[in-house]
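For the numbers below, each heavy atom of this structure counts, side chains included, while hydrogens, waters and symmetry mates do not. Convention: sequence-line order gives letters A, B, ...; per-chain numbering from 1.
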Amino acid sequence: MRALLTIAAAALMAAGMLATKASAQSRAPRLDIGISTNVIPITSDFAGEDLIVFGAIDGADPDLLRADFYDVVVTLEGPSLESVVRKKARVFGIWINRSSMRFEPAPLSYSLSSTLPVELIADSIELSDLGIGVQNIHLTPTGAVGDGSSIPEFRNALLRLRTADGLYQRDPIGVEYVSSSLFRATLRLPANVPVGEHKLRAFLFQGGEFVMERELPLSVVKTGLEQFIFEYAHQHSLIYGLFAVLLAMITGWLGSVLFRKD
Amino acid sequence: MTIYLPIAEISVNAFVILGMGAAVGFLSGIFGVGGGFLITPLLIFYNIPPAVAVATGANQVVASSFSGALSHFRRGTLDVKLGLVLLVGGITGAAAGVFIFSFLRTIGQLDLIISLMYVTFLSTIGGLMLWESIRSLLRARANQPVSLRRPGQHNWVHRLPLKMRFKKSKIYLSAIPVVALGFAIGILTSVMGVGGGFIMVPAMIYLLRIPTNVVIGTSLFQIIFVTAFTTVIQATTNQSVDVFLAGLLMVAGVVGAQYGVRAGRMLRGEQLRAGLALLVLGTGVRLGYDLVATPQELYSVAATMVGYQ
């Protein structure tokens, strides 16, 4: 079936090229993307945000474009950190964390947007090679893993928990064509988006074949007072702690003075 | 209204936090406790990371205990000397507790130990208090005089050496059990984020036989320092004190407490103690149920600091 489709695709491609007598026969289509800012500020009222990515397919065959022959996948990968997955088990009647597995640094967040569900765009080997899709986030266990039989369950638990938290998500129809070669991708940043350097990646597929990839950096930063407080808490933690105590004392004192009746 | 908490690193609804602070403040005003044992579990329930909830809870208790201690000081129901002796143990205990806290966090059992400690202490203290207050309620109904303190009745605590005289409390007592009590409460403060008033007050009344009128003021006095110390230590070792969160809780808590105090005046002493006992016991049972009941989610995931950001 897949072979048939590929043949059909090749035939269609050939037909398209013939029809336009394409001068760009030797030239592969190119992908370009752009974002209005490469810094996303987390303000005090931050409750998640949509990131709009614009892109264009250059040098594409117009007939193939019209036939939706090109597919685009846009992903945003968050900063990578090592993760520990713990599993509870019942011990003497109470539930405690019994077993755990540690994974090498992997993105803390992953948002995907595409023209079609990715499974329909390319085959699973290609997707896995390119690291596209939540299932293809590279999670390598570290440390002792025994005979390795428990790796899938911990791996799936991590993916499931992050998906439930909205950290890993996908929108299979989030990329829309604005014109025949211009597209707009919407990526959702959840309210709990991790702060740090994110990686925006865009992939172009032509009839199921990977053509090229583009990458742009994007930083998610705390701003204003939040940033100041966070930095202060880490760099001048003693003064910060004393300030927290002073704040509490002033609040307590004001409370006892303002409401004093006797 | 959503606000982003800089240390907890999540967005929360400010009104929910204010509501929690006001409700807990109201209850703490009625019963004369700091309310840390209620606020920390509530925050954890609202998805605030446990480490942040504990450290911020301690910070919030500074405000409520300072407010309460001030009014006791004005009324002269605060034994500063007794408070200072308690404090010697309290500060040492709090310092030890913060290291225990950091250690438990690295081995991934922090949540379990916090829950277990809550369940054990809340259920035991709540149960004992309830038993005592039901008995005095029954006695009050039978028109017998209600007395918490039975003068002349001494226990093993009073045979210990290193005796000191506490003028305001009108007692002559060994410093050892006082320091030991302070030490134990100090550990609880840094591990559980509570002031420990709900343990301190009954222990002072029943174990040390300190007159009830100075107990609450003195307990609040030493709680200020232990929670303040814990706040600073948590801020320096774990960077887990969120001043945004603490600020919201404090403001609502202090206001709520004032209305609580007024509501509390309408109740009798035994009724107050029975109410507090039910509150403490109920919280303990609720948390105990969570430990025993089969959880919906067996797995949890935590990111470490290892990696590239």
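The CE atom of B:Met250 sits 4.5 Å away from the CG atom of A:Leu247 when rounded to the nearest 0.5 Å. To the nearest 0.5 angstrom, A:Leu238 atom CG is 9.0 Å from B:Ile233 atom CD1. Atom CG of A:Leu254 and atom CZ of B:Phe66 lie 10.5 Å apart (nearest 0.5 Å). Rounding to the nearest 0.5 Å gives a distance of 12.0 Å between CH2 of A:Trp95 and CG of B:Leu291. Rounded to the nearest 0.5 Å, atoms NZ (A:Lys88) and OG (B:Ser300) are 5.5 Å apart. If you take CZ on A:Phe230 and CG on B:Leu5, they are separated by 13.0 Å, rounding to the nearest 0.5 Å.
Proximity of B:Ile224 to A:Met249: side-chain heavy atoms (C-beta onward) are separated by under 4.5 Å at one or more points. A heavy-atom distance below 4.5 Å is found between the side chains of A:Ile229 and B:Val243. Looking only at side-chain heavy atoms (C-beta outward), B:Phe244 and A:Leu225 come within less than 4.5 Å of each other.
Within residues 149-161 of chain A, the residues that have a heavy atom under 4.5 Å from a heavy atom of chain B are A:Glu153, A:Phe154, A:Ala157, A:Leu158, A:Arg160, A:Leu161, listed by number.
Interface residue B:Ile3: backbone and side-chain heavy atoms are both found under 4.5 Å from chain A. At a 4.5 Å heavy-atom cutoff, B:Ala69 makes no contact with chain A through either its backbone or its side chain. The part of A:Lys222 that comes within reach of chain B is its side chain, from C-beta onward, which places non-hydrogen atoms under 4.5 angstrom from that chain.
For the options A:Leu242, A:Ile42, A:Val245, heavy-atom pairs under 4.5 Å to chain B are most numerous at A:Val245. Counting heavy-atom pairs under 4.5 Å between each of A:Asn192, A:Asn97, A:Ile96, A:Asp165 and chain B puts A:Asn97 at the top.
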